[in-house]
Amino acid sequence: MDKKIVFSGVQPSGALTIGNYIGAIKRWATLQDEYNCYYCVVDQHAITVPQKAKDLRKNTLDILALLMACGIDHEKSTLFIQSHVPEHSELAWVLNTITYMGQLNRMTQFKDKSKRSEENLNSALFTYPVLMAADILLYKTNLVPVGEDQKQHLELARDLAERFNNRYSDTFMVPEPLIGEFGARIMSLQDPNSKMSKSDSDENGYILLLDDKNTIRRKIKRAVTDSIGEVSYNDDQPGIKNLLNIYSSFSGETIETIVEKYEGRGYGDFKKDLEEIVVDGLSPIQEKFNALRSDKAYLEEIYRKGSEKASDEARKMLRKVYKKVGFIPR
Ligand code: AMP
Ligand code: TRP
């Protein structure tokens, strides 16, 4: 009878790319009927790199509206903002006490990010995966839909759940990752060997969900391919392979069907069709976004209700944890 629980989070650090959409958010919407879903805009994660307050406020509401535009239904799922539920950071503190420095030192995202900006190596960037574990463990989460880049963080969440359970008795559910088999990693249009990311300095590397039609067409036209000249799905043609993943995800057609369709035709036809498929796929999302984003009172009502629902669960779990570690109840 009881539905399994799904939790996922997305950072409000700038606009979302089609990589975020294909790798994560599109799937979030499809899980809503079968599972009890919590979807969280993780503003506390976002400040691990410097943010302007005004931009963070704007981005948080943008992401909230975008999630809804992508099909997250606030009636079915609990949609909320991380900083509205203080139990997340409270549980993170407790989990920090059972996390080994060595574990955090091995996190590849931390290594990457710290290489990028030496002067901003703050301790929150280092302990960020512990906050992520708290997000997940607060809700007895069974499944966590994320892109492949988050797998290592999820391993840590599992590890901390088990360690706490062993040390203090059974408390947390040990969560499983839910990673799509393909589309889990959409690559940069300019460098098919690195992940499509909104923090890429070359804006031609990514397509944003809110890019206008001409920008989308231009970016696809300029996407790096190869000199083989045949639409085929293999690792020697990483650019085309990536475009095929995008094509398939937006059209719903299988890779085989698409490859067959372009047999004996050049990249020009393929790209032209892809341009229209992506434009057509994003335009209803953009329309919904614009309508939602202009109704601030409605958005406010939604995130307030979301955090109330989330708080009810989070409070219960934190109370249990505090009791087990030996804090005196208030
Ligand atoms: P982030 O933008 O890093 O906050 O990621 C939000 C979600 O989107 C996470 O679940 C990521 O794994 C996923 N994601 C981000 N970039 C990509 C990408 N290029 N391909 C697939 N999934 C992605
Ligand atoms: N760290 C994730 C990212 O950068 C976002 C995130 C925070 C998250 N807390 C989470 C994802 C909990 C899944 C579950 O993409």
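As the structure is a computational prediction, the values presented were derived from the model and not from experiment. Note that the numbering runs from 1 along the sequence shown for the chain. Ligands are counted one by one from 1 in listed order, and the atoms in each one are counted from 1 as well.
Near A24, meaning under 4.0 Å from any of its heavy atoms, are these atoms of ligand 1: 7 (C), 8 (O), 10 (O). For ligand 2, the atoms lying closer than 4.0 Å to a non-hydrogen atom of V146 are 11 (C), 13 (C). Shown in contact with V144 at under 4.0 Å from a heavy atom are these atoms of ligand 2, numbered in order with element: 13 (C), 14 (C). Heavy-atom proximity to Y128, at under 4.0 Å, picks out these atoms of ligand 2: 1 (N), 2 (C), 3 (C), 4 (O). For ligand 2, the atoms closer than 4.0 angstrom to any heavy atom of V42 are 7 (C), 9 (N). Interface atoms of ligand 2 facing H45, defined by a heavy-atom separation under 4.0 Å, are 7 (C), 9 (N). Contact atoms of ligand 2 toward Q11: 4 (O) (distance under 4.0 Å to a heavy atom of the residue).
Considering only residues two or more places apart in sequence or on other chains, P86 meets the side chain to side chain contact (heavy atoms under 4.5 Å, CB included) condition with E90.
When the options H153, Q109, Q150 are ranked by their closest heavy atom to atom 2 (C) of ligand 2, first place goes to Q150. Among V10, D200, I186, the residue whose heavy atom lies closest to atom 20 (N) of ligand 1 is I186. When the options V42, N20, T17 are ranked by their closest heavy atom to atom 2 (O) of ligand 1, first place goes to N20.
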Which side-chain N or O atoms in residues 279-286 pair as donor and acceptor under 3.5 Å with protein atoms at least two apart or in another chain?
from : atom 1 : to   : atom 2 : distance (Å)
Q286 : NE2    : L209 : O      : 2.7
Q286 : NE2    : D211 : O      : 2.8

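For the pair D135 and ligand 2, the shortest N or O to N or O distance falls below 3.5 Å.
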**OP:** Please test Y128 against F110 for ring pair (Phe, Tyr, Trp, His ring centres under 6.0 Å), starting from the C-alpha separation and ending with a verdict.
**Re:** CA-CA 9 Å; Y128 159 121; F110 173 73; 9.6 Å; no
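A side-chain donor-acceptor contact under 3.5 Å links N245 and Y233.
Within the 4.0 Å heavy-atom criterion, the part of I136 lying near ligand 2 is the side chain and not the backbone. Residue-level proximity to ligand 1 for K198 is carried by the side chain, the only part with a heavy atom below 4.0 angstrom. Here Q150 has side-chain heavy atoms under 4.0 Å from ligand 1, and that is the only part of it that gets that close.
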